[in-house]
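Letters A, B, ... are given to chains in the order of the sequence lines, protein chains preceding strands, and every chain is numbered from 1. For clarity, every value in this text was computed on a predicted model and none was experimentally measured.
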There are 2 protein chains.
Amino acid sequence: MPAAGLTIAEAAATLGLTSDTLRYYEKDGLLLRPVPRSSSGHRRYDESDLRWIVLVTRLRATGMPIRDVRRYADLVRAGDGNELPRLELLQAHREQVLQQLAEVTSHLGAIDHKIGIYEDRLRRLEISA
Amino acid sequence: MPAAGLTIAEAAATLGLTSDTLRYYEKDGLLLRPVPRSSSGHRRYDESDLRWIVLVTRLRATGMPIRDVRRYADLVRAGDGNELPRLELLQAHREQVLQQLAEVTSHLGAIDHKIGIYEDRLRRLEISA
DNA sequence: GCTTGACCTGGAGTGCACTCCAGGAGCGAC
DNA sequence: GTCGCTCCTGGAGTGCACTCCAGGTCAAGC
């Protein structure tokens with residue numbers, strides 16, 4: 001009978017994280033619950049753990065600080081009744097991300113312009129060579 | 001007779017940085033030259049200094065590490081003849097930024113979806129109240 | 001029954017990019 | 001001539017997010 005759930009190494013590979021990071025997230029209160037253990041005390045991640053950690057990685061990858069992920073996890077862990085603060089937290093993050101995207105896009109435009117200048121210059125050097 | 005160029009505080013305000021950061025960039029080799037000094041040894045930033053630092057902030061704001069900005073500054077400082085490596089560095093960075101933008105945008109889509117779910121749920125709670 | 005390998009814990013260490021600080025100098029205003 | 005301001009330097013300190021390590025447990029395979 002195979003054990004239910006993934007080992008920490010399997011979960012890490014699936015999620016694109018390291019085992020160390022998974023332990024760190026758990027210790028830091030980013031997960032909804034202590035990950036269940038096998039009889040020998042090893043972590044076993046089930047589907048709901050993985051689904052949550054995927055969300056955590058999305059929040060992290062869009063620049064949300066650990067401390068805000070923890071605040072969000074705290075809210076979800078607290079159960080029903082605080083949907084509004086959860087929504088507000090996500091909406092605030094969304095605004096941040098949009099602003100960040102706009103800023104980066106605009107800077108990228110300027111960098112692209114500079115790239116164009118170098119390309120022109122190099123084309124001309126090539127021709128005159 | 002007013003001195004030519006901005007003081008470090010003025011330059012910092014103009015660029016949206018701090019004086020400490022400007023000194024740090026200079027010490028770390030991110031600038032094209034040591035910033036010229038007044039007779040009393042205070043930095044005076046001229047237009048060319050500012051233009052370069054604007055580029056530095058664009059590179060930084062799009063996620064280029066300090067060490068790569070320094071490599072780019074080294075190339076520019078070395079003068080004509082290495083346009084190709086400069087171009088390649090910028091193009092590589094461009095690809096990074098595009099990939100980053102795509103990734104963030106995709107994660108944002110998933111977060112938006114979650115926001116939609118909360119909005120629906122809250123709307124329903126409101127109606128049934 | 002002993003080795004091997006994956007996992008455990010608490011805690012120390014790392015890399016990055018600033019940010020702050022102590023001690024000191026120059027300069028205009030009073 | 002001294003107060004207050006801005007600036008200088010070298011170097012220490014900070015916050016963040018991991019990442020690594022020592023020393024130990026446990027189950028499976030030989």
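If you check the side chains of A:Thr7 and A:His42, you find no donor sitting under 3.5 Å from an acceptor. Of the N and O atoms on the side chains of B:Tyr72 and B:Arg86, not one donor lies less than 3.5 Å from an acceptor on the other residue.
Tested against B:Asp46 for a salt bridge (charged side-chain N to carboxylate O under 4.0 Å, His left out), the candidates B:Arg37, B:Arg33, B:Arg51 yield a single pass: B:Arg33.
Regarding contacts with the backbone of D:dT9, a side-chain N or O of B:Arg43 is found under 4.0 angstrom from either OP1 or OP2.
For the pair A:Arg71 and A:Asp74, the salt-bridge criterion is not met [side-chain N within less than 4.0 Å of a carboxylate O]. At a threshold of 4.0 Å, the pair A:Asp120-A:Arg123 counts as salt-bridged, since one of the basic side-chain nitrogens sits closer than that to a carboxylate oxygen.
Taking atom CG on A:Leu30 and atom P on D:dA17, their separation rounds to 9 Å, with Å as the unit. The distance between atom CZ of B:Arg44 and atom C1' of C:dC27, rounded to the nearest whole Å, is 11 Å. For the pair A:Ile8 CD1 and C:dT9 C1', the interatomic distance rounds to 12 Å; values are reported in whole Å.
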A:Tyr45 and A:Leu22: CA distance, side-chain angles, deciding distance, side-chain contact (heavy atoms from CB on, under 4.5 Å) verdict: CA-CA 10 Å; A:Tyr45 294 80; A:Leu22 283 176; 3.6 Å; yes
Check against side-chain contact (heavy atoms from CB on, under 4.5 Å), A:Leu108 and B:Arg58: CA-CA 8 Å; A:Leu108 183 61; B:Arg58 288 194 196 287; over 6 Å; no
Summary of protein contacts for nucleotides 22-30 of chain D, nucleotide by nucleotide, where a base hit scores B, a sugar-phosphate-only hit scores S (4.0 Å, heavy atoms): ----S----
So which protein N/O to nucleotides 18-21 of chain D N/O distances come out below 3.5 Å?
residue, atom, partner, partner atom, Å
D:dC18, OP2, A:Tyr25, OH, 3.1
D:dC18, OP2, A:Arg60, NE, 2.9
D:dC18, OP2, A:Arg60, NH2, 3.0

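Both B:Glu10 and B:Lys27 sit near DNA chain D, but only B:Glu10 has its closest nucleotide nearer the 5' end. Of the two residues near DNA chain D, B:Arg37 and A:Met64, the one whose nearest nucleotide lies more 5' is B:Arg37.
Two residues are said to be in side-chain contact when any heavy atoms from C-beta on lie closer than 4.5 Å; B:Leu122 and B:Leu125 meet this criterion. A 4.5 Å side-chain heavy-atom check between A:Thr62 and A:His93 finds at least one atom pair inside the cut-off.
Here B:Ser19 lies out of heavy-atom contact (under 4.0 Å) with every strand. If you check every strand for non-hydrogen atoms under 4.0 Å, B:Thr7 touches sugar and phosphate atoms only.
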